[in-house]
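Okay, so here's the structure we're looking at.
Note that the structure is predicted; figures quoted are calculated from it, not measured. All chains are named by letter (A, B, ...) in the order of the sequence lines, taking the proteins before the strands, and each is independently numbered beginning at 1. Heavy atoms only: backbone and side chains are in, while hydrogens, waters and symmetry mates are out.
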There are 2 protein chains.
Amino acid sequence: MTDPLISPPAAERHRSADLPPLPVTVDTVIFTVLGEELRVLLVRRAESRFLGLWSLPGGFVRPEEALEAAALRELRDATGVTDVYLEQLYTFGDPDRDTRGRVISVAYVALLAADRCPLVPHELEAEAQWFSVYELPALAFDHPRMIQSGLERVRTKLEYTTIGLQLLPATFTLGELQRLYEIILDRRLDKRNFRRKLKLLELVEETGQKRSDGRGRPAALYRFRRIDFVQLRERGIHVPF
Amino acid sequence: MTDPLISPPAAERHRSADLPPLPVTVDTVIFTVLGEELRVLLVRRAESRFLGLWSLPGGFVRPEEALEAAALRELRDATGVTDVYLEQLYTFGDPDRDTRGRVISVAYVALLAADRCPLVPHELEAEAQWFSVYELPALAFDHPRMIQSGLERVRTKLEYTTIGLQLLPATFTLGELQRLYEIILDRRLDKRNFRRKLKLLELVEETGQKRSDGRGRPAALYRFRRIDFVQLRERGIHVPF
DNA sequence: ATTCATTTGTGTCCCCGAGACACCAAACGT
DNA sequence: ACGTTTGGTGTCTCGGGGACACAAATGAAT
């Protein structure tokens, strides 16, 4: 048996009573593609510090609450958003990142399809808005960094996973899917190469229906075929076409 | 101005005084390649709970300490390891992940070249050891999951970054470099393809010296040429040769 | 000194995915 | 019927990825 007397400091180090615990928050960078723009949902701060500034939806983690559950709860309470794709991004913990004092923040990225966006929910129009990622207002704390990280994460994973499909309704046209990619990646893609890759990957299948959007030839409607992400990587996928 | 009386709960939610802060720890999965095996450094727990079990080096974050600084400090104190490559992995926060109560743990991955490994440092032989990742002892908490995540991270990044070079001394032979990749990825690679890719990427350069390891033809010694990670990705790199 | 074992070092061929590129089809409005 | 708009399709070329075999340089053993 190890004798605890050998190194008392080591034995003490792990006693939570000895060190003050820290405030822990979650913050969520939630994206959607709306009106031909990649947007992020921001809320107006009601707290005295930074009052009136915009910030990411988030808040303190409760004592018996999982981190992801906290992120979902804050998202629901502040914006009405539920049932989103959610993925942990990074934990920010620099001692001076929050002017209120030392706060650890676990950041999440979320994706929400445009047809499920609360545009003006619970009459909070003035308290929550979707901003273009290229035209952000003044933000509290280190939230600009979080948004930047979230954007990089989404762009990266767009290339080798199917998260992009989280941002579309259940059925969609190939034109819409391509526009989604172009808006997020901020560059134009070749239509034929894009479709060739889709066929190769067998990511989507026709529903048999068509949709006409006013002018132009009607487009075939597709739906997502659930595919294992791992299979994608193993097939050596590189999705930005 | 927003009237704070409209939604007192929202206004209160962000006051750290209202919610008990949480204990926050850092834990580090530190890898090396030693004796033809991928190994992880574990320490024997001195604390009463889980006494005698092995665990990842880690401990509580101090009130004014950055997360990464905490990870480095715990690593140094528990194992004597300094100056390592360190990268944040994931934050584990399930309410029941630590039997001592609710503890948030920010996990890090570290890489240490074999020639800098403390083998039997500070006479703590019995308190810290390098274990093969395929033959782990019983571990405290959710540390097996952390090691698994760390392993996946290292394998993934081996493919599109140069972190592998963190695990070798300043000069090395191409055989050593290839063996490193084979051990981490746990599969054999083709020598000619491996070298062709290295030349293509201009990752390493000859030092002009040679080394003879006892038997066999002497191998040329190489050194790492610092290269921007981003450039690698842009050049469409896929390193496992 | 010769032989053997061991490790280093090198080039070619084939396949497949990636990117560049242009035209016809189907609907709508006038 | 004509113009406008959007949807839908095939080919060629280039380059990286994987499979593959043999000679060269050394040390050890005899």
Side-chain angles (χ1 to χ4, degrees), chain A residues 36 158-161 168 171-183 185-223 227 231-241, chain B residues 36 158-161 168 171-183 185-223 227 231-241:
Chain A
E36 306 290 303
L158 205 60
E159 305 197 355
Y160 65 92
T161 70
L168 284 177
T171 78
F172 48 86
T173 69
L174 297 188
E176 289 168 342
L177 182 55
Q178 182 176 346
R179 239 165 292 146
L180 179 77
Y181 271 82
E182 291 179 335
I183 290 167
L185 297 175
D186 197 29
R187 67 166 193 254
R188 297 199 55 78
L189 303 175
D190 181 87
K191 189 173 23 167
R192 281 170 291 187
N193 295 341
F194 187 87
R195 288 169 187 233
R196 187 214 306 151
K197 191 67 147 295
L198 281 178
K199 266 215 184 70
L200 187 66
L201 299 181
E202 301 177 308
L203 272 184
V204 297
E205 62 189 6
E206 290 198 58
T207 64
Q209 301 180 322
K210 288 183 180 287
R211 176 203 304 169
S212 60
D213 261 336
R215 63 183 155 293
R217 173 173 169 176
L221 283 173
Y222 287 77
R223 78 170 69 88
I227 296 230
Q231 288 178 14
L232 281 188
R233 302 208 73 166
E234 281 169 358
R235 283 208 254 158
I237 298 320
H238 187 235
V239 186
F241 309 92
Chain B
E36 308 289 303
L158 206 59
E159 307 198 355
Y160 65 91
T161 71
L168 285 177
T171 78
F172 48 86
T173 70
L174 297 188
E176 288 168 342
L177 181 56
Q178 183 176 344
R179 239 164 293 145
L180 179 79
Y181 270 81
E182 291 180 336
I183 290 167
L185 298 174
D186 196 28
R187 75 184 136 112
R188 297 200 53 78
L189 303 175
D190 181 88
K191 187 171 27 164
R192 282 170 291 188
N193 295 340
F194 187 87
R195 289 169 187 235
R196 187 214 307 151
K197 191 65 149 293
L198 281 179
K199 266 216 186 68
L200 188 66
L201 299 180
E202 301 175 308
L203 271 185
V204 297
E205 63 189 4
E206 290 198 58
T207 64
Q209 302 180 319
K210 288 182 179 289
R211 175 202 305 167
S212 59
D213 260 337
R215 62 185 156 292
R217 174 174 169 174
L221 284 173
Y222 286 77
R223 79 170 68 88
I227 297 233
Q231 288 178 13
L232 282 188
R233 301 209 72 166
E234 280 169 357
R235 283 208 254 157
I237 297 319
H238 187 236
V239 187
F241 310 92

Examine distances only and state if a side-chain atom of Glu182(B) and a backbone atom of Leu189(B) form a donor-acceptor pair shorter than 3.5 Å. yes

How would you label the contact of Arg215(A) with the nucleic acid (heavy atoms, under 4.0 Å): base, sugar-phosphate, or nothing? sugar-phosphate

Taking any heavy-atom pair under 4.0 Å as a contact, classify Arg179(B): base, sugar-phosphate, or nothing. sugar-phosphate

Spacing of CG belonging to Leu200(B) relative to CG belonging to Asn193(B), to within rounding of 0.5 Å: 12.0 Å

Taking atom C1' of dT10(C) as reference, at what distance in whole Å does atom CD of Glu206(B) sit? 13 Å

Ignoring hydrogens and angles, are the base of dA19(D) and the side chain of Arg192(B) linked by a donor-acceptor pair under 3.5 Å? no

May I ask you to decide if Arg223(A)'s main-chain N or O and Thr207(A)'s side chain share a donor-acceptor pair within less than 3.5 Å? no

From CG of Leu221(B) over to P of dA25(D), roughly how many Å is that when rounded to an integer? 18 Å

Out of dT9(D), dG11(C), dT7(C), which has the shortest distance to the side chain of Asn193(B)? dG11(C)

Residue pair Arg196(B)/Lys191(A) against DNA chain D: nearer the 5' end by closest nucleotide is Lys191(A)

When you measure from the side chain of Arg195(B), which nucleotide among dA25(D), dG8(D), dT10(C) comes out closest? dT10(C)

Which of the following nucleotides, dG10(D), dG9(C), dG17(C), is nearest to the side chain of Ala219(B)? dG9(C)

Indicate the atoms forming the closest heavy-atom contact of Glu206(B) with Ala220(B), along with that distance. OE1-CB, 3.7 Å

Without decimals, in angstroms, what is the distance between Leu200(B) CG and dG17(D) C1'? 11 Å

Rounded distance (Å) that lies between atom C1' of dA25(D) and atom CZ of Arg211(B): 16 Å

State which of dT10(C), dG9(C), dT9(D) makes the closest approach to the side chain of Lys199(B). dT10(C)

Write down the distance between CG (Asp190(B)) and P (dG11(C)), rounded to a whole number of angstrom. 14 Å

Rounded to the nearest angstrom, tell me the gap between atom CD in Glu202(B) and atom P in dG16(D). 12 Å

Residue pair Leu174(B), Val204(B): steps toward the side-chain contact (heavy atoms from CB on, under 4.5 Å) verdict: CA-CA 9 Å; Leu174(B) 297 188; Val204(B) 297; 4.2 Å; yes

Considering only heavy side-chain atoms of Arg217(A), the closest of dT6(D), dT8(C), dG17(C) is dT6(D)

Roughly, in whole Å, what's the span from CG in Leu198(A) to P in dG17(C)? 15 Å

Distance in angstrom units between Phe194(B) CZ and dG11(C) C1', rounded: 18 Å

Looking only at the side chain of Pro218(B) (C-beta and beyond, no hydrogens), which of the listed nucleotides dA25(D), dC21(C), dG7(D) gets closest? dA25(D)

